[in-house]
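What follows is a single structure, written as C-alpha cells, with notes after it.
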Amino acid sequence: MKFNVIIGKFIVPIMALSLTACSAEKRQFSITDSYVPVIGYVSQTGEISSDMEVSTVSPSSSDSESANDSTPPQNIQTGLIREQILNGAEGEIHYSYYLPESYDGTRKYPMMVAMPGYDRMWFGEDSSGSNIDWNGFRAWTELDEEMIVISAQLTDWHEKSARQANELAQYFIDNFTVDTNRIYAAGYSAGGETMSQAVALRPELYAAYLHGASQWDGAFEPIAENGVAVYIYMAENDEYYGSQKARDAYDGLYNAYRDRGFSDEEIGEKLCLEIPDNEYFNSQGIYNYHGGGNIVFDDEEVVNWVIQK
C-alpha cells in the first residue's frame with residue numbers, strides 16, 4: 001500500500017517534516033507549537049516532577065467487593081496505591097493502581113491499563129513501584145474525567161507478559177466497578193510490545209490503545225474485527241526502533257480494516273499515526289528521541305483521542 005499522510009484535509013507525501021495520519025480533526029504538530037505538559041517537566045527518560053501524594057497503605061484483596069454486588073464495598077482506599085501483588089496463573093504480577101477519590105463502588109468508571117518500558121519493569125524490590133513515577137501512568141490520573149488506572153511491572157515483553165496484562169485487567173473488571181465499554185490500553189517501548197499482543201489477544205476488552213515508541217508484536221486482524229481504535233506514536237529518528245516499525249504497524253492495521261470493509265473515512269476514525277521530526281523534540285529540549293517519545297502521554301489531544309473512543 002502506498003503510504004500517505006493526512007494533514008488537515010490534504011494528502012501529502014511522506015517527506016513532510018512532522019507526520020500525522022489520522023482523521024482530519026487531528027492537529028498537525030509543528031516546531032512553532034507551544035508545549036504545555038499536563039503533569040510536569042518531562043525528562044528524556046520520561047521522569048516527571050509532581051506533587052501528587054502517594055498512598056503507601058496496601059489494601060487486602062478483601063477490600064474490593066465484586067462489581068456485581070449491590071452492596072458498596074467497605075474500607076476501599078482511593079488515590080494512588082502502590083506495590084501490590086496478584087498471584088496469577090503464571091506467577092506473581094507486581095502492580096500499582098489508582099482509584100478516583102469519588103470511588104465507592106456505586107457507579108462504573110472507565111479504566112486504563114498502562115504498561116511502562118524496560119527501565120520500569122520488575123527487577124526485584126529495588127524497582128518496586130517505579131512505574132507510578134512514569135508520566136504514562138500519571139497522565140490518566142489527572143484527567144477531568146475520573147478513571148481507574150492500573151499498571152504492572154512485568155518481567156518480559158512477550159506473550160507471557162501479554163497474558164498477565166490481560167489477567168490483571170480481568171481481575172479489576174471482576175473486583176471493581178469498571179465500565180467494560182470503556183477500557184483502554186497504553187504501552188511504551190517494551191510495554192508497547194506487551195500491550196500490542198495483549199490487545200490482539202483480548203480485543204473485546206479494549207476500546208482504544210495508545211502505542212508509544214514501540215514495535216507491534218500482536219496480530220492485526222483481531223483489532224479490526226473488534227473495531228479497536230489505535231493511536232501510533234514514534235519519533236522519526238527513534239534510536240531504538242526507528243520510525244519504519246510505526247509505519248509498518250499502521251499499514252498492517254490499515255489493511256486489516258480495509259479487509260473488513262471499512263472505508264478510508266471510517267479508518268481515519270479508528271487509526272492515527274504520528275511521527276514527529278527531530279525539530280519538534282529539539283524545540284522542547286529533547287535530543288534523545290526514543291526516551292522523548294514519553295511526551296505523547298502529556299499531549300491532551302492524544303489522551304482525549306484515546307478516551308473518547
Side-chain angles (χ1 to χ4, degrees), residues 22 86 88 93 95-98 109-117 120-121 131-132 134-141 143 145 147-154 156-174 176 178-234 246 249-250 252-253 256 270-274 293-294 296-297 299 302-309:
C22 54
L86 175 65
I93 301 173
Y95 70 98
S96 298
Y97 67 101
Y98 172 82
Y109 292 82
M111 183 172 74
M112 168 57 69
V113 183
M115 293 297 159
R120 298 178 189 277
M121 291 171 59
N131 54 326
I132 63 173
W134 171 49
N135 62 321
F137 175 90
R138 297 209 181 200
W140 314 98
T141 71
L143 299 174
E145 180 179 23
M147 67 190 309
I148 298 168
V149 185
I150 63 177
S151 180
Q153 294 182 273
L154 301 172
D156 72 21
W157 46 91
H158 306 301
E159 190 171 332
K160 175 184 175 180
S161 68
R163 291 193 298 267
Q164 288 183 314
N166 287 335
E167 185 176 15
L168 181 62
Q170 189 65 55
Y171 171 80
F172 272 77
I173 292 168
D174 293 341
F176 294 83
V178 175
D179 181 350
T180 54
N181 292 316
R182 297 187 64 202
I183 299 175
Y184 307 106
Y188 167 77
S189 193
E193 295 188 39
T194 288
M195 290 313 297
S196 65
Q197 296 172 82
V199 175
L201 287 171
R202 294 288 307 276
E204 77 283 359
L205 284 184
Y206 301 99
Y209 167 50
L210 174 53
H211 186 67
S214 189
Q215 69 182 28
W216 190 279
D217 287 344
F220 299 123
E221 291 76 11
I223 304 299
E225 289 172 5
N226 287 269
V228 182
V230 180
Y231 197 111
I232 301 172
Y233 185 93
M234 180 82 81
Y250 180 87
L253 292 165
K270 291 292 187 181
L271 301 179
C272 191
L273 170 65
E274 185 175 353
N294 278 287
V296 67
F297 300 107
D299 188 316
V302 176
V303 168
N304 287 327
W305 188 95
V306 173
I307 66 172
Q308 288 169 4
K309 302 300 180 181

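Since the structure is predicted, the reported quantities are computational estimates derived from the model, not experimental observations. All values below were derived from every heavy atom in this structure, side-chain atoms included, with hydrogens, water molecules and symmetry-related copies excluded.
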To the nearest 0.5 Å, atom CD of Q197 lies from atom NZ of K160 at 13.5 Å
Qualifying residues under side-chain contact (heavy atoms from CB on, under 4.5 Å), relative to P203, sequence neighbours excluded
P222, N226, V228
Residues G293 and Y188: closest non-hydrogen pair is C-CE1, 4.3 Å
Residue among N166, V230, I223 satisfying side chain to side chain contact (heavy atoms under 4.5 Å, CB included) with Y206:
N166
I would like to know whether I232 and L253 meet side chain to side chain contact (heavy atoms under 4.5 Å, CB included); could you show each step before the answer?
CA-CA 11 Å; I232 301 172; L253 292 165; 4.0 Å; yes
Taking every non-hydrogen atom, the tightest pair across K309 and Y184:
O-OH, 2.9 Å
Residue that, paired with E274, satisfies side chain to side chain donor-acceptor pair (under 3.5 Å) out of Y231, Y233, Y250:
Y231
Mind checking side-chain contact (heavy atoms from CB on, under 4.5 Å) for A256 and listing every partner two or more places apart, or none if nothing turns up?
F220, A224
Nearest heavy-atom neighbours spanning L201 and A162:
CD1-CB, 3.8 Å
Passes side chain to side chain donor-acceptor pair (under 3.5 Å), W134 versus N294? Steps please.
CA-CA 9 Å; W134 171 49; N294 278 287; 2.8 Å; yes
Check ring pair (Phe, Tyr, Trp, His ring centres under 6.0 Å) between Y209 and all other residues, then give those that pass, not counting sequence neighbours.
H211, W216
If we only count heavy atoms from C-beta on, is the T180 to I173 side-chain gap below 4.5 Å?
yes
Sole residue of Y97, F137, Y98 in side chain to side chain contact (heavy atoms under 4.5 Å, CB included) with S151:
F137
Measuring from atom CG of L86 to atom CD1 of I150, what distance do you get when rounded to the nearest 0.5 angstrom?
10.0 Å
Apply the test side chain to side chain contact (heavy atoms under 4.5 Å, CB included) to residues L154 and I93: give CA-CA distance (whole Å), side-chain angles for both, the deciding distance (0.1 Å), then the verdict.
CA-CA 7 Å; L154 301 172; I93 301 173; 4.0 Å; yes
Residues which pass side-chain contact (heavy atoms from CB on, under 4.5 Å) with V303, listed by chain and number, not counting sequence neighbours
W140, L143
What residues, two or more places apart in sequence or in another chain, satisfy side-chain hydrogen bond (donor to acceptor under 3.5 Å, both in side chains) together with E159?
R163
Side chain proximity check, Y109 to V178, heavy atoms < 4.5 angstrom:
no
Can you check whether I148 reaches M112 side chain to side chain, under 4.5 Å on heavy atoms?
no
Can you name the residues that form a side-chain hydrogen bond (donor to acceptor under 3.5 Å, both in side chains) with Q308, not counting sequence neighbours?
none
Pairs meeting criterion salt bridge (Lys or Arg N to Asp or Glu O under 4.0 Å) with involvement of residues 187-204, two or more places apart:
R202-E204
Might you point out which heavy atoms bring S189 and S214 nearest each other, and give the distance in Å?
O-OG, 2.6 Å
Working to the nearest 0.5 Å, report the span between CG of N181 and CG of L205.
11.5 Å
Can you sort out the partners of S161 under side-chain hydrogen bond (donor to acceptor under 3.5 Å, both in side chains), two or more places apart, ordered by chain and number?
D156, T194
Name all residues meeting the side-chain hydrogen bond (donor to acceptor under 3.5 Å, both in side chains) criterion together with Y95; count only those two or more places apart in sequence or in a different chain, and write none if there are none.
none
In short, M111 meets A169 closest at the heavy-atom pair CE-O, 3.8 Å
Hey, are E145 and R182 close enough for a salt bridge, meaning a charged N less than 4.0 Å from a carboxylate O?
yes
Pairing residues for E221 by the side-chain contact (heavy atoms from CB on, under 4.5 Å) criterion, not counting sequence neighbours
A219, E225
Kindly give the heavy-atom pair with the smallest separation between F297 and A186, and that separation in Å.
CE2-CB, 4.0 Å
